[in-house]
Structures are given as C-alpha cells and as structure tokens.
Amino acid sequence: MFDNADDFKKKALDNKDELKREYINIPIGEDEQSFRISGIGEKAIKIEKYVKYDDMVDAVESGKEEGLEAVIMKFVEEY
C-alpha cells in the first residue's frame with residue numbers, strides 16, 4: 001500500500017493507459033460489484049458502472065436491502 005498520495009498518483013498516471021481498460025471488484029453489502037476504471041487524472045481515479053433499473057428492482061425484491069442497488073433506489077426515492 002502507498003503511504004502518500006504523490007507516490008500513488010505517480011503510479012496511477014504512469015500506468016494510465018493500461019489501468020483504463022481494467023475492472024475493479026468492490027465488496028458492497030453482501031455482494032461484490034464490478035466497476036470499470038474509466039479515468040485516471042491528476043486529482044482522482046474515476047470508476048463507473050451501469051446498473052439497470054430491472055436489476056435494481058429485482059435485487060431489492062429478493063431481499064438485498066444493503067446492496068448497491070438498494071442504495072441507488074433509496075437515493076432516487078428520497079430526492
């Protein structure tokens with residue numbers, strides 16, 4: 001692990017072209033979600049994921065109340 005942001009940023013920028021094609025799995029709730037690394041910049045790394053409406057409703061209906069799908073649905077409902 002990096003112990004400072006400058007070394008971390010340098011490594012990310014040095015490998016920018018390769019990293020932008022990769023996916024990263026992140027545990028959210030009881031599941032792992034796959035995100036695409038879509039940007040490597042001077043200030044941040046951008047990750048993205050498309051979550052289909054049907055998949056969100058299906059996940060919540062099947063009892064996944066703490067997953068990414070439920071968090072997105074709650075956010076939209078409370079807006």
Side-chain angles (χ1 to χ4, degrees):
M1 285 291 194
F2 296 96
D3 59 0
N4 67 67
D6 289 332
D7 290 344
F8 181 33
K9 177 174 83 171
K10 181 179 180 341
K11 179 75 171 188
L13 290 172
D14 287 349
N15 294 287
K16 179 178 182 174
D17 291 335
E18 293 82 16
L19 287 170
K20 283 179 58 177
R21 296 186 207 125
E22 295 295 325
Y23 284 80
I24 184 169
N25 294 324
I26 301 173
I28 300 174
E30 296 178 8
D31 297 323
E32 253 191 16
Q33 299 283 335
S34 183
F35 292 82
R36 184 173 71 89
I37 297 176
S38 60
I40 306 285
E42 288 291 323
K43 297 188 185 241
I45 295 174
K46 179 181 175 184
I47 61 174
E48 66 180 22
K49 176 178 185 66
Y50 290 98
V51 184
K52 295 179 181 176
Y53 297 108
D54 289 337
D55 294 342
M56 287 187 270
V57 171
D58 291 345
V60 171
E61 286 179 350
S62 70
K64 295 182 180 176
E65 296 294 325
E66 300 299 321
L68 177 64
E69 297 87 352
V71 170
I72 294 170
M73 283 186 71
K74 288 176 190 171
F75 177 78
V76 172
E77 286 175 348
E78 293 173 359
Y79 195 81

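Index from 1, following the sequence.
Between atom CD1 of residue I37 and atom NZ of residue K46 there is a gap of 13.0 Å, rounded to the nearest 0.5 Å. Once rounded to the nearest 0.5 Å, the distance linking CZ of F8 with CG of D3 reads 12.5 Å. Between the OH atom of Y53 and the CD atom of E69 there is a distance of 14.0 Å, given to the nearest 0.5 Å.
Counting heavy atoms from C-beta on, the side chains of L19 and I45 never come closer than 4.5 Å. For the pair K49 and L68, the minimum side-chain heavy-atom distance is below 4.5 Å.
One hydrophobic cluster holds both I40 and I24 under the rule that ILVMFWY side chains link at heavy-atom gaps under 4.5 Å.
When the salt bridge (Lys or Arg N to Asp or Glu O under 4.0 Å) test is applied to E42, the partners found at least two apart in sequence or on another chain are K9.
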Name the atoms and distances for all side-chain donor-acceptor pairs under 3.5 Å in residues 56-67, with sequence neighbours left out.
residue: S62; atom: OG; partner: D58; partner atom: O; Å: 3.3
residue: S62; atom: OG; partner: A59; partner atom: O; Å: 2.9
residue: K64; atom: NZ; partner: D31; partner atom: OD2; Å: 3.2

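Applying the salt bridge (Lys or Arg N to Asp or Glu O under 4.0 Å) test to every pair with at least one member in residues 14-30, sequence neighbours left out, gives these pairs: K10-D14.
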